[in-house]
Peer 1: 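First, the structure itself, so that you have it in front of you.
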2 protein chains.
Amino acid sequence: MAGKRTSAKNDTTTELKIKNAARVVFHQKGFAATRTRDIAEAAGINLALLNYYFRSKKKLFDLIMLESLQQFTLSVSDVFNDEKTTFEHKLQVLCRRYIDMLTEHPDIPLFILSELRTNPNELISRIHIKENLLKSHFIKQFSEQVKSGKISAIAPLQFMMNLIGLIVFPFVASPIVKSIGDLSQEEFVKLMQERKALIPKWLNAMLEV
Amino acid sequence: MAGKRTSAKNDTTTELKIKNAARVVFHQKGFAATRTRDIAEAAGINLALLNYYFRSKKKLFDLIMLESLQQFTLSVSDVFNDEKTTFEHKLQVLCRRYIDMLTEHPDIPLFILSELRTNPNELISRIHIKENLLKSHFIKQFSEQVKSGKISAIAPLQFMMNLIGLIVFPFVASPIVKSIGDLSQEEFVKLMQERKALIPKWLNAMLEV
DNA sequence: GTCTATAACGTGATAGAC
DNA sequence: GTCTATCACGTTATAGAC
């Protein structure tokens, strides 16, 4: 694309400044509401440079979207598919990791879901979500427990929706949550941290119904 | 704004055709990605007529947003505040009503949440969400049960996030859910219908941890 | 690589005939 | 009330100097 650097000496190259600014603005406003001028200004560079490095708004956006999707899936797929750990353990690690990731990047889920609504097929195929979730070792362990009668017979898909929903939804609805609870950002984070331990307990309880 | 009709004889007035088309397009694509030409075309009318009836894109959007917010809150606030019914009963009715409403208008939650991300304060104040949710009779009953030791001591806010999240999240993430489950629209609806009975059970189980 | 100036285009809104 | 034609503006992208 441009600028081959001989080493990763300096993290604040122009290209990176633009990409970092683009990530912030796209995450907050989505593709359609974002103007390339916003990104250029946030990056502290000239508008022409954006096109010089990334050719077009869409190309830059696709790059950010791909990275965001990877961040959302890769951060957990290795947990899901670790054959050495128990179901219980996976559940706990997953909640901790996801909530930490979302605390740091709270705009990612709504960003992905909003854009997914307009271009579903193109994007979904990129993330191998079925492989990462429904066909994971985690779900295999889940199904075995169902068969052995240790937990009640819920469809794995229902369980996955509950798991991801309990983790993700508060972040997606954070403006509402903060508003009805009169919460500062710090208080909101604290509430989310509490959920790290609560969600695994809740999910286990749900499985015993 | 225009066209005073002497009676509601005909539901397909031009004004209504535009509003109905606007609702569909705005819900699907959001404010920024929607072009007034899209709405006009969907309504089968001329672009000029849109401005004749609603003066501007923003005015039309505000109208749709207000209606959507009301649909999301009013459909349940009377259930929440019915002083004659039990906590249990409210929980069941709420799930049934919400899931039915969302099955009919599945785009409303993501529409609201997306737009909320850009204009939080302006919108949140419009819906009296605190009155409808946290200060409701439903939450009063919840807190009493906590005090009497019948259920474990979860913060009401955590409980509300779980309740709404379990109901709403699958619709917000429906493209992903359909994709990983290989579900047709009909199968997805069936999955949601199952949740009407499951969610109250799950929530009760969670409260016993 | 970085900038200024500008082209090319899309979109919201209006004027004016019917 | 409804249409066609058009304006006015904002935005993406590029040309060309440095």
Side-chain angles (χ1 to χ4, degrees), chain A residues 1-65 114-115 118-119, chain B residues 1-65 111 114-115 118-119 122:
Chain A
M1 197 133 286
K4 306 183 185 181
R5 267 148 276 102
T6 47
S7 73
K9 230 205 252 199
N10 189 1
D11 259 0
T12 55
T13 72
T14 300
E15 194 177 350
L16 257 180
K17 275 197 291 186
I18 297 174
K19 218 169 80 173
N20 289 333
R23 177 165 31 246
V24 172
V25 181
F26 277 137
H27 279 187
Q28 273 178 9
K29 317 214 289 184
F31 179 79
T34 294
R35 296 172 308 159
T36 51
R37 281 170 169 79
D38 296 337
I39 299 174
E41 193 183 351
I45 52 95
N46 189 277
L47 174 58
L49 274 180
L50 189 151
N51 290 292
Y52 173 73
Y53 278 100
F54 299 97
R55 290 190 53 92
S56 79
K57 178 186 178 184
K58 184 64 166 31
K59 287 249 198 319
L60 177 53
F61 175 82
D62 285 343
L63 207 67
I64 300 296
M65 174 56 80
S114 303
E115 303 297 336
T118 330
N119 356 350
Chain B
M1 195 130 288
K4 308 183 187 184
R5 265 148 278 101
T6 47
S7 73
K9 230 204 249 199
N10 190 0
D11 260 359
T12 53
T13 72
T14 300
E15 194 178 350
L16 258 181
K17 273 197 290 186
I18 297 173
K19 219 170 79 173
N20 288 335
R23 178 166 27 247
V24 172
V25 181
F26 277 137
H27 279 186
Q28 273 178 8
K29 316 215 288 183
F31 179 79
T34 294
R35 298 173 306 162
T36 51
R37 283 172 168 80
D38 296 337
I39 299 174
E41 193 184 348
I45 54 95
N46 189 278
L47 173 58
L49 274 181
L50 188 151
N51 291 293
Y52 173 75
Y53 277 100
F54 297 96
R55 290 189 52 91
S56 80
K57 178 187 179 186
K58 184 64 167 33
K59 287 248 198 318
L60 177 52
F61 175 81
D62 285 344
L63 208 67
I64 300 297
M65 174 56 79
F111 169 69
S114 303
E115 302 297 336
T118 330
N119 357 353
E122 178 197 349

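Lettering follows sequence order; numbering is per chain, from 1. Being a predicted model, the structure only gives us computed values, none of them experimental.
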Peer 1: How would you list, by chain and number, every residue that makes a side-chain hydrogen bond (donor to acceptor under 3.5 Å, both in side chains) with B:Asn46, sequence neighbours excluded?
Peer 2: none
Peer 1: Can you name the residues that form a ring-ring contact (aromatic ring centres under 6.0 Å, His included) with A:Phe61, not counting sequence neighbours?
Peer 2: A:Phe26, A:Phe31, A:Phe111
Peer 1: Specify the separation, in whole Å, of atom CD1 of A:Ile39 and atom P of D:dA13.
Peer 2: 10 Å
Peer 1: Mind checking what makes salt bridge (Lys or Arg N to Asp or Glu O under 4.0 Å) contact with B:Lys29, not counting sequence neighbours?
Peer 2: B:Asp38
Peer 1: Please write out the pairs of protein N or O atoms and N or O atoms of nucleotides 13-18 of chain C separated by less than 3.5 Å, giving the distance to one decimal.
Peer 2:
unit_1, atom_1, unit_2, atom_2, d
C:dA13, OP2, B:Lys57, N, 2.8

Peer 1: In whole angstroms, how far is the C1' atom of C:dG12 from the CZ atom of B:Phe61?
Peer 2: 16 Å
Peer 1: How would you list, by chain and number, every residue that makes a salt bridge (Lys or Arg N to Asp or Glu O under 4.0 Å) with B:Lys57, sequence neighbours excluded?
Peer 2: none
Peer 1: Using whole Å, what does the distance between atom P of nucleotide D:dA13 and atom CG of A:Asp38 come to?
Peer 2: 14 Å
Peer 1: What's the separation between atom CG in B:Leu49 and atom CZ in B:Phe54, rounded to the nearest 0.5 Å?
Peer 2: 10.5 Å
Peer 1: How many angstroms lie between CD1 in A:Ile18 and CG in A:Asn51, if you round to the nearest 0.5 Å?
Peer 2: 9.0 Å
Peer 1: Separation of B:Arg35 atom CZ from C:dT11 atom P, in whole Å?
Peer 2: 4 Å
Peer 1: Return the angle between end axes of the helix from C:dG1-D:dC18 to C:dC18-D:dG1, with five pairs used per end and rounding to 10°.
Peer 2: 10°
Peer 1: With sequence neighbours excluded, tell me which residues meet side-chain contact (heavy atoms from CB on, under 4.5 Å) with A:Glu41.
Peer 2: none
Peer 1: Residues two or more places apart in sequence or in another chain: which of them pass side-chain contact (heavy atoms from CB on, under 4.5 Å) with B:Ala42?
Peer 2: B:Ala21, B:Val25
